[in-house]
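Only one structure is covered here, and it is reproduced in the block below.
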Amino acid sequence: MSASDGLHEPKIYAPSEAAVRSAHVSGMPAYQALVDEANADHQAFWARLAREHLSWKTPFTKVLDDSEAPFFKWFEDGTLNVSYNCLDRNVEAGLGGKTAIIFEADDGTVTRATYSDLLSRTCRMANALRERGVSKGDRVVIYMPMSIEGVVAMQACARIGATHSVVFGGFSAQSLRDRVNDAGAVMLITADEQARGGKSLPLKAIVDEAIALGGCESLKNVIVYKRTGGQVAWDAKRDVWLHDALAGQSETCEPEWVSAEHPLFLLYTSGSTGKPKGVQHSSGGYLLHAALTTKWTFDLKPDDVFWCTADIGWVTGHTYITYGPLALGGTEVVFEGIPTYPDAGRFWKMIQDHKVTIFYTAPTAIRSLIKAAEGNAAVHPDRYDLSSLRLLGSVGEPINPAAWEWYHQHIGGGRCPIVDTFWQTETGGHMITPLPGATPLVPGSCTLPFPGIDAAVVDETGNEVPNGQGGILVVRKPWPSMIRNIYGDPERFKKSYYPPELKGYYLAGDGAIRDAKTGYFTITGRIDDVLNVSGHRMGTMEIESALVSHTDLVAEAAVVGRPDETTGEAICAFVVLKRPRPTGDEAKKIAKELRDWVGKEIGPIAKPKDIRFGDNLPKTRSGKIMRRLLRSIAKGEQITQDTSTLENPAILAQLSENN
Ligand code: WT7
């Protein structure tokens with residue numbers, strides 16, 4: 001933790017003079033001036049930026065409508081089109097020939113798309129969707145590999161006012177089915193297979209399986225992009241090859257001009273209860289923050305080559321691949337593969353080959369690449385020319401100071417600032433983050449709120465706690481890119497994010513502490529039953545439901561997280577079987593079966609790392625599972641907590657055994 005304890009002064013990295021001179025937000029006084037402007041008149045601040053950064057078809061006259069709080073509306077009577085803002089306006093500004101995307105396939109093949117290419121491909125895709133009856137407000141699920149086509153599919157939805165819901169290609173048939181069903185999607189866009197790490201992994205087959213599960217009756221068509229040419233089953237009434245759907249489509253397509261509040265996308269994410277929630281985002285407010293954070297946090301300039309390594313299946317890929325960089329007319333790398341193929345030098349080689357200037361990745365990736373580099377000199381970043389880099393970013397989970405220092409030294413050559421960006425699927429874009437030409441950096445701290453974001457650390461009743469004292473992270477004022485709703489479940493939206501005791505503040509779900517001296521924020525982790533495994537959000541209840549749905553075997557299950565050196569947190573499951581508690585090889589066999597089961601139910605990212613079997617779980621007399629004890633056992637700690645309310649103390653010793 002970087003909060004100063006009075007004994008150890010945290011290390012501080014001030015921005016270089018060159019960074020200060022050239023940055024969009026140049027120096028701390030410039031940052032402070034923006035913060036002051038927002039404090040003086042929050043709405044005027046956002047209105048000014050919305051006018052300066054977005055092209056409106058009809059300008060908005062009202063900035064914020066809080067009459068139905070917490071269902072806030074921004075710029076509602078303004079109309080615009082997100083794909084127009086990302087594509088047409090760049091072409092109209094003379095950037096048609098500029099490279100928008102440098103795509104590197106799993107096997108290293110590189111293809112480029114200019115802004116003109118992207119625009120015409122988006123228009124053709126949009127026309128193909130319209131031809132099949134997709135129109136404004138319809139939901140379209142995108143289950144695609146990382147590809148130019150994936151970005152184009154999202155932009156095409158935006159162009160015709162359809163609301164996309166991208167499902168990460170690692171999710172199972174069951175998860176895909178649930179998302180199609182919840183959204184009532186009319187169309188699904190997928191690929192035959194995805195190529196990752198030298199292997200072909202099925203996508204279309206999983207779509208078929210998802211549909212066979214039932215509940216996807218809203219789907220009219222499945223559009224299939226031929227990526228690998230692998231064998232697929234075909235339903236001639238339902239399935240269409242993308243190349244057939246695109247054949248003969250016009251390269252122009254009139255955008256659908258929508259209200260700034262029109263839902264641009266849904267993105268399902270894990271919450272503290274079993275069912276993932278469809279986080280609904282707007283068009284205008286969302287795009288404003290995507291563009292603004294790309295400009296100020298990443299300091300994106302016309303000559304930069306930006307690379308965000310996230311997948312478009314996560315919000316990071318939405319905001320910092322599909323929308324932010326394109327809204328600014330930037331050039332970006334899109335990567336199909338994985339960081340360890342053909343070897344763990346892949347990222348460094350790609351930075352070298354494409355002369356990447358801004359690199360944005362997750363602490364998990366950094367930590368695993370540190371390990372790989374330590375084990376194999378050939379993939380050590382020092383072997384590559386990384387001199388093109390000028391700025392690094394981190395996202396998804398806390399970055400520990402040791403990984404920060406390594407990233408700074410070995411990737412950034414000691415000269416590149418690192419922006420540790422704290423945000424969430426729900427926030428649409430960066431919330432607490434350094435600005436590279438202004439904020440002095442402290443490893444392990446995401447530093448200060450983005451201008452216009454009123455973040456604070458409070459107690460359970462919403463009162464701000466003094467710096468140096470931990471509490472609950474909230475955002476006190478609404479902001480343009482905030483979540484608008486949980487699709488189809490406004491009550492859950494209110495309950496999850498605006499609990500009555502918090503004075504109308506947005507509850508992030510994380511704990512935080514501000515440094516006593518600097519006021520810098522450090523995120524201390526989730527305060528709900530949500531785990532962060534490799535930067536992926538997983539609900540413990542979701543994994544528990546998956547385990548107990550194996551009704552032949554499992555009587556009861558409880559899932560907790562424990563710290564993990566590489567993945568941040570690891571999933572630990574305690575399971576009571578419907579048969580005697582297994583030991584030895586039998587325990588191993590059943591653990592494997594359950595792991596695979598969870599992989600099939602949710603996706604491989606949800607597979608528990610540890611599974612322990614017990615005759616029972618530690619419970620209070622009223623039958624409540626005592627998770628804090630399970631968390632200690634998972635960590636391998638001695639139980640020092642009060643166990644007086646525990647009904648069955650003997651169970652602790654049993655669960656602590658490694659079976
Ligand atoms: C949760 C949100 C934001 C895009 C990727 C994850 C954790 C995120 C940081 C950071 C510490 C972080 C929080 C947050 N988180 N960024 N820089 N430092 N923690 O989006 O899946 O919605 O997860 O990720 O716990 O609540 P997400």
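In listed order, ligands and their atoms are each counted from 1. Here the structure is a predicted model, which means the values were calculated and not measured.
- Among all non-hydrogen protein atoms, the one lying nearest atom 23 (O) of ligand 1 is Arg537 CD, 3.2 Å.
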Check against side-chain contact (heavy atoms from CB on, under 4.5 Å), Thr421 and Phe450:
CA-CA 10 Å; Thr421 60; Phe450 193 82; over 6 Å; no
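- In this structure, the side chains of Asp454 and Tyr505 stay at 4.5 Å or more apart for every pair of heavy atoms.
- Taking the six-membered ring for Trp and the full ring otherwise, Tyr286 and His281 have centroids separated by under 6.0 Å.
- Heavy-atom proximity to Val315, at under 4.0 Å, picks out these atoms of ligand 1: 4 (C).
- Selection from Gly511, Ala362, Gly396 by nearest heavy atom to atom 15 (N) of ligand 1 gives Gly396.
- The shortest N/O to N/O separation between Thr269 and ligand 1 does not fall below 3.5 Å.
- Contacts with ligand 1 closer than 4.0 Å are made by backbone heavy atoms (N, CA, C, O) of Thr421 only, the side chain lying farther away.
- When the heavy atoms of Thr319, Thr522, Asp510 are ranked by distance to atom 26 (O) of ligand 1, first place goes to Asp510.
- Two rings, from Phe298 and Phe306, have their centers less than 6.0 Å apart.
- With a heavy-atom cut-off of 4.0 Å, Glu397 touches ligand 1 through its backbone alone.
- Proximity of the aromatic rings of Phe493 and Phe71 is defined here by a centroid distance below 6.0 angstrom, and this criterion is met.
- Under 4.0 Å from ligand 1, the heavy atoms of Asn532 that appear belong solely to its side chain.
- Side-chain contact check for Thr364 versus Glu397: some heavy-atom pair is nearer than 4.5 Å.
- Contact annotation: for Pro398 versus ligand 1, heavy atoms closer than 4.0 Å belong to both the backbone and the side chain.
- Given atom 5 (C) of ligand 1, the protein heavy atom at minimum distance is Thr316 OG1, 3.4 Å.
- Protein heavy atom nearest atom 3 (C) of ligand 1, with residue, atom name and distance: Trp423 O, 3.1 Å.
- At a threshold of 4.0 Å, the pair Asp528-Arg526 counts as salt-bridged, since one of the basic side-chain nitrogens sits closer than that to a carboxylate oxygen.
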Worked verdict on Leu473 versus Ile432 for side-chain contact (heavy atoms from CB on, under 4.5 Å):
CA-CA 11 Å; Leu473 181 66; Ile432 307 181; 4.0 Å; yes
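- Looking at ligand 1, you'll find an N or O of Arg526 within less than 3.5 Å of one of its N or O atoms.
- Shown here is Glu464, whose CD atom has more than 12 heavy atoms of other residues, nucleotides or ligands within 6.0 Å.
- Less than 4.0 angstrom separates some heavy atom of Thr425 from each of these atoms of ligand 1: 20 (O), 21 (O), 22 (O), 27 (P).
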